[in-house]
Amino acid sequence: MKWTNSYRSFGLKTKRSTGLKTIEHKHWPSGIVGSLSHCPSLCVAAVASAERIRAVGVDVDDSDGLSDGIMRFVFSSEELASLRMASSVERRAAFCAKEAASKALSALDGTGDFRKVSVSLKTDGTFAAVRRDVALRSQWRFYDRLVSAMVAVPSETV
């Protein structure tokens, strides 16, 4: 079965964009919220009932690290200062956390610009993501080369 047929079986719509197929987050089936992410070694989908969860965001990364240019583009000067002594895994986790939080915020109100989200990692595998009007707390993990982060916004939050 082609992957597009799999998405259609869940009621998802696809669109063509620069030769690649992408999913539009606004087209999850009624009553479902979800997020997608991929890297060269893994594709993931996080889905939940919209009765209990308002939004979800997920991100995965299996790269060797982030370039200085990407770091400067994604993170604020304050975040860069806090990540200066961080390991490559922690920098990648911060990137995934910011991306996952941005996806969840975008699903909530369409304003998920990751540059407006500030993240703070903890060594216990949790993180806080703050945008001016919203504070989220969630988890990040590291397995072998893979780093992941996920955010679920409960219905009673925000």
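Nothing fancy with the numbering, it's 1 onward along the sequence.
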Quiz item: In terms of hydrophobic clustering (I, L, V, M, F, W, Y; side-chain heavy atoms under 4.5 Å; direct or indirect links), are L80 and V117 co-clustered?
Solution: yes
Practice problem: Following the transitive rule for hydrophobic clusters with a side-chain heavy-atom cut-off under 4.5 Å over Ile, Leu, Val, Met, Phe, Trp and Tyr, establish whether V47 and L42 coincide in one cluster. | Solution: no
Exercise. Please name the pair of heavy atoms, one in V151 and one in A104, separated by the smallest distance, quoted to 0.1 Å.
Key: CG1-CB, 4.0 Å
Practice problem: With rounding to the nearest 0.5 Å, note down the distance linking OG in S148 to OH in Y143. | Solution: 5.5 Å
Practice problem: State plainly whether the residues R131 and D109 are in salt-bridge range, i.e. N to O under 4.0 Å. | Solution: yes
Quiz item: How many angstroms lie between CD1 in I70 and OG in S67, if you round to the nearest 0.5 Å?
Solution: 4.5 Å
Exercise. Give the cluster check for V147 versus M150: same hydrophobic cluster or not, with ILVMFWY residues linked at side-chain heavy-atom distances below 4.5 Å.
Key: no
Quiz item: What distance separates C39 SG from D59 CG, expressed to the nearest 0.5 Å?
Solution: 8.5 Å
Exercise. Check whether any side-chain N or O of W140 sits under 3.5 Å from a backbone N or O of A97 as a donor-acceptor pair, and report yes or no.
Key: no
Quiz item: Taking the side chain from S120 and the backbone from A129, do they hold a donor-acceptor pair closer than 3.5 Å?
Solution: no
Exercise. Would you give the length of the straight line joining atom CG of L66 to atom SG of C96, rounded to the nearest 0.5 angstrom?
Key: 8.0 Å
Quiz item: For the atom pair CG (D64) and OG (S88), what is the distance rounded to the nearest 0.5 Å?
Solution: 7.5 Å
Self-check item: Pair E90-S87, side chain to side chain contact (heavy atoms under 4.5 Å, CB included): steps then yes or no
Solution: CA-CA 5 Å; E90 291 166 326; S87 69; 3.4 Å; yes
Quiz prompt | In one Ile/Leu/Val/Met/Phe/Trp/Tyr side-chain cluster, 4.5 Å: V130, L108 | solution = no
Quiz item: What do you reckon, is CZ of R141 surrounded by more than 12 foreign heavy atoms closer than 6.0 Å?
Solution: yes
Practice problem: In sequence, state the C-alpha distance, the side-chain angles, and the governing distance for L36 and V58, and then conclude on side chain to side chain contact (heavy atoms under 4.5 Å, CB included). | Solution: CA-CA 6 Å; L36 303 171; V58 65; 5.8 Å; no
Practice problem: Give the minimum heavy-atom separation between A149 and F127, together with the two atoms involved. | Solution: CB-CE2, 4.0 Å
Quiz item: With a 4.5 Å heavy-atom cut-off, do H38 and V44 have their side chains touching?
Solution: no
Quiz item: Do the charged groups of R145 and D62 touch, with an N to O distance under 4.0 Å?
Solution: no
Quiz item: Checking S37 side chain against V60 main chain: does a donor-acceptor pair fall under 3.5 Å?
Solution: yes
Quiz item: Without hydrogens or angle criteria, can the side chains of S82 and E79 be said to hold a donor-acceptor pair below 3.5 Å?
Solution: no
Quiz item: Got a donor-acceptor contact below 3.5 angstrom from the K98 side chain to the V74 backbone?
Solution: yes
Exercise. Tell me whether I32 is reachable from I53 by hopping between hydrophobic residues (I, L, V, M, F, W, Y) whose side-chain heavy atoms are closer than 4.5 Å.
Key: no
Quiz item: Quick check: does any side chain N or O of T126 sit under 3.5 Å from a backbone N or O of S138, one acting as donor and the other as acceptor?
Solution: no
Exercise. Evaluate the criterion side chain to side chain contact (heavy atoms under 4.5 Å, CB included) for residue pair E99 and V119; output intermediate values, then yes/no.
Key: CA-CA 10 Å; E99 184 72 16; V119 296; over 6 Å; no
Quiz item: Are side-chain heavy atoms of R115 and F73 found at a separation under 4.5 Å?
Solution: yes
Quiz item: Step by step, would you call L105 with L136 a side chain to side chain contact (heavy atoms under 4.5 Å, CB included)?
Solution: CA-CA 9 Å; L105 291 166; L136 304 172; 4.2 Å; yes
Quiz prompt | Check: R92 side chain, D61 main-chain N or O, donor-acceptor pair, under 3.5 Å | solution = yes
